[in-house]
Participant: 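Take a look at this one; I'll ask things after.
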Amino acid sequence: MHDIKAIRENPDAFDAALARRGDTPVSAQVLALDEARRAKISAAETAQAEQNKASKLVGAAKAKGDEAEFERLRTLVSDKKAEVTAMQAEAKDLDAQLTDMLARIPNLPADDAPDGADEADNVEVNRWGDVPAFDFKAKEHFEIASVAASMDFETAAKTSGARFVMLKGAVARIHRALAQFMIDTHVDENGLTEHMTPVLVRDEAMYGTDKLPKFGDDSYQTTNGWWLIPTSEVTLTYSVAGDVLEEAALPRRMTAHTLCFRSEAGSAGRDTSGMLRQHQFEKVEMVSVTHPDQSDDEQKRMLRCAEDMLELLGVPYRTVILCTGDMGFGARRTFDIEAWLPGQNAYREISSVSTTGDFQARRMNARFKPADGGKPQFVHTLNGSGLAVGRCLIAVLENGQQADGSVKLPDVLAPYLGGKITLGVDGTLS
């Protein structure tokens, strides 16, 4: 959500920032609606004052026995009351229109976000690990001999349709081990507080975290109005909605491992093979709620937490800062981490780490009380994948594949796999 005062004070700068995202100017429409709303509020207040003044004179006219004046004033009071009610209703409607308009305008990019139209203009800022050189043709995850039988797309399609998978046996255990490894690392090493959150939320939570109203088609809604979360960013971030936190309590760093659900609207024909793009998946999410002065440093910290995870797993990756044309709706600045997938001979996104500034905080009225006793201010919120579990499974399997169809697993997973770090051709761990 945007600060209407900031748009009033510098509409040209607001439009220029939106233009960096490839969006058309909107300040004129916003300010016209704002002016109409304010004018209607002012007119209602004037009519209310006239009504109050006439009300005081009604009794005096009655006491004087001036029946004609009494009737005139009583009619005036009645007319003004109806006028006030009508104008207040119009002002309320205009306010709702303005709020809806502001809610559909994306966040303004940070000054250091690179300009560009699409992913081709993203800028690489880091690269780690050597891309494995196999003496055989690398397979995609679902083609690897030790994996294929335990990654069952046919049964999932029978029960649920396309873009679902049923993991079995050792592959299911490896998937679970990855999630547990991520959570333990974030809690024990990175200082995040683990949460177990609902996966069903109300409209307010989706709206407060900028998923509504614009992107309702990207999520699933139950028949009784709940939404299935696209990520626990929604539940973790919205946990501070309406709160006034003590400055000393910031930053608040949270993590959760949850099921996530996305309709994948608009992705028809993309990544239809394998489990790269699914309607249901699991993710370990990181969310930070910070003082505005800390948010840029906090984003760097969160990015390092996600990168460290891949380094511990031995998965080569590169990190890019997204250009203005490729950033998500609520982001001011986003770093994507892309893991190397030998089967595709390409880097693919496995984590996005974004700062929203006070964009989400304004939508959900999340503030903090300055230590010096000043007026409450909006917090900043940040979110990042730490990591997407299914995509991490893909990366681990593809990078660890061997010529005979087995998979060498990362040593850090040994404590979660009973000390076993090889997925044999027969689909068992050893």
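When a residue number appears, it is its place in the shown sequence, counting from 1.
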Participant: Does a salt bridge link E398 with K139, judged by any charged N lying under 4.0 Å from a carboxylate O?
Facilitator: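 Looking at E398 and K139, the cut-off is not met.
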Participant: Main chain of E233, side chain of T231: is a donor-acceptor contact present, judged purely on distance under 3.5 Å?
Facilitator: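 Between the backbone of E233 and the side chain of T231 there is a qualifying donor-acceptor contact (under 3.5 Å).
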Participant: What's the verdict on salt bridge (Lys or Arg N to Asp or Glu O under 4.0 Å) for D411 and K408, showing C-alpha distance, side-chain angles and the deciding distance?
Facilitator: CA-CA 9 Å; D411 291 341; K408 173 70 169 60; 3.4 Å; yes
Participant: Is there a donor-acceptor pair under 3.5 Å between the side chain of H141 and the backbone N or O of G274?
Facilitator: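 Between the backbone of G274 and the side chain of H141 there is no qualifying donor-acceptor contact (under 3.5 Å).
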Participant: So, K214 side chain and L212 main chain: donor-acceptor pair closer than 3.5 Å or not?
Facilitator: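 Checked: no pair found.
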Participant: Does R37 pair with D34 as a salt bridge, N-O distance under 4.0 Å?
Facilitator: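 A salt bridge links R37 with D34.
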Participant: May I ask you to decide if G405's main-chain N or O and S146's side chain share a donor-acceptor pair within less than 3.5 Å?
Facilitator: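 Checking the backbone N and O of G405 against the side chain of S146, a donor-acceptor pair under 3.5 Å is found.
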Participant: Using a strict 4.0 Å threshold on nitrogen-to-oxygen distance, state whether R277 and E264 make a salt bridge.
Facilitator: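 Yes, charged N to carboxylate O under 4.0 Å.
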Participant: By the salt bridge (Lys or Arg N to Asp or Glu O under 4.0 Å) test, which pairs, at least two apart or in different chains, include something from residues 15-25?
Facilitator: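 Listed by first then second residue: R20-D115.
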Participant: Can we say E90 and K40 salt-bridge, meaning some charged N sits less than 4.0 Å from an Asp/Glu carboxylate O?
Facilitator: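 Result for this pair is yes, salt bridge flagged.
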Participant: Does the side chain of L393 come within less than 4.5 Å of V171's, by heavy atoms?
Facilitator: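 A side-chain contact exists here, since the closest heavy-atom pair is under 4.5 Å.
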Participant: If you look at every heavy atom in C323 and A117, which pair is closest and at what distance?
Facilitator: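 Result for this residue pair: SG-N, 4.0 Å.
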Participant: Looking at R104, I want to see if its CZ is surrounded by more than 12 non-hydrogen atoms of other residues, nucleotides or ligands under 6.0 Å.
Facilitator: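 Yes, because the 6.0 Å sphere around CZ of R104 holds more than 12 heavy atoms from other groups.
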Participant: If you measure only the distance, is there a donor-acceptor pair under 3.5 Å linking the side chains of W340 and N399?
Facilitator: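 Side-chain D/A pair, W340 to N399: absent.
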Participant: Would you say the side-chain atoms of T155 pair up with the backbone N or O of D152, donor to acceptor, closer than 3.5 Å?
Facilitator: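 Pair absent, no side-chain N/O of T155 close to backbone of D152.
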Participant: Let me see the working for Q180 and R176 under side chain to side chain donor-acceptor pair (under 3.5 Å), right down to the final yes or no.
Facilitator: CA-CA 6 Å; Q180 189 64 59; R176 174 164 53 88; over 6 Å; no
Participant: Tell me if a side-chain donor or acceptor on S263 pairs with a main-chain N or O of D218 at a distance below 3.5 Å.
Facilitator: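 Yes, S263 side chain to D218 backbone: donor-acceptor pair under 3.5 Å.
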Participant: Does a side chain donor of either T290 or E298 reach within less than 3.5 Å of an acceptor in the other side chain?
Facilitator: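 Note: T290 and E298 side chains miss the donor-acceptor criterion.
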Participant: May I ask you to check whether Y317 and Y347 place their ring centres under 6.0 Å from each other?
Facilitator: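 Here the rings of Y317 and Y347 have centres that are no less than 6.0 Å from each other.
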Participant: So F368 and H291, would you call those rings parallel, tilted or perpendicular, with 30° and 60° as cut-offs?
Facilitator: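 The rings of F368 and H291 sit tilted, inter-plane angle from 30° to 60°.
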Participant: Pair Q299, R333 - check side chain to side chain donor-acceptor pair (under 3.5 Å), show working.
Facilitator: CA-CA 9 Å; Q299 186 179 25; R333 182 194 305 110; 2.7 Å; yes
Participant: Without swapping roles, check the side chain of R391 against the backbone of E349 for a donor-acceptor pair under 3.5 Å.
Facilitator: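 Yes; judged by distance alone, with no hydrogens or angles, the pair exists.
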Participant: Taking the basic N atoms (NZ, or NE/NH1/NH2) and the acidic carboxylate oxygens, is any pair closer than 4.0 Å for D297 and R301?
Facilitator: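 Salt bridge: no.
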Participant: Using a strict cut-off of less than 4.0 Å between a Lys/Arg side-chain nitrogen and an Asp/Glu carboxylate oxygen, indicate whether D3 and R362 qualify as a salt bridge.
Facilitator: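 Yes, this pair counts.
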Participant: Does the T235 side chain pair with the main chain of S232, one donor and one acceptor, at a distance under 3.5 Å?
Facilitator: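 Answer holds: yes.
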Participant: State, without any angle test, whether T209 and Q360 hold a side-chain donor-acceptor pair at a distance under 3.5 Å.
Facilitator: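 Side-chain D/A pair, T209 to Q360: absent.
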Participant: Between K283 and S385, is there a side-chain donor-acceptor contact under 3.5 Å, judged purely by atom types and distance?
Facilitator: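 K283 and S385 do have a side-chain donor-acceptor pair below 3.5 Å.
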Participant: Is there a donor-acceptor pair under 3.5 Å between the side chain of R363 and the backbone N or O of A103?
Facilitator: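 The answer is yes, because a donor-acceptor pair under 3.5 Å joins these two groups.
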Participant: In plain terms, say whether D296 and K300 are close enough for a salt bridge, that is, a side-chain N and a carboxylate O under 4.0 Å apart.
Facilitator: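 Not counted as a salt bridge, because no side-chain N and carboxylate O are separated by less than 4.0 Å.
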Participant: Compute the centroid of each ring, for H279 and then for F164, and state whether the two points are separated by less than 6.0 Å.
Facilitator: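 Yes: the rings meet the under 6.0 Å criterion.
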Participant: Quick one: does H195's side chain have a donor or acceptor within less than 3.5 Å of a partner on T193's backbone?
Facilitator: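 Side chain of H195 to backbone of T193, a donor-acceptor pair under 3.5 Å: yes, one is there.
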Participant: With a 4.0 Å cut-off on N to O distance, would you call E307 and R318 a salt bridge?
Facilitator: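 The answer is no: the pair does not qualify as a salt bridge.
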Participant: Check the surroundings of atom CH2 in W128: do more than 12 heavy atoms from other residues, nucleotides or ligands lie under 6.0 Å from it?
Facilitator: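 Yes.
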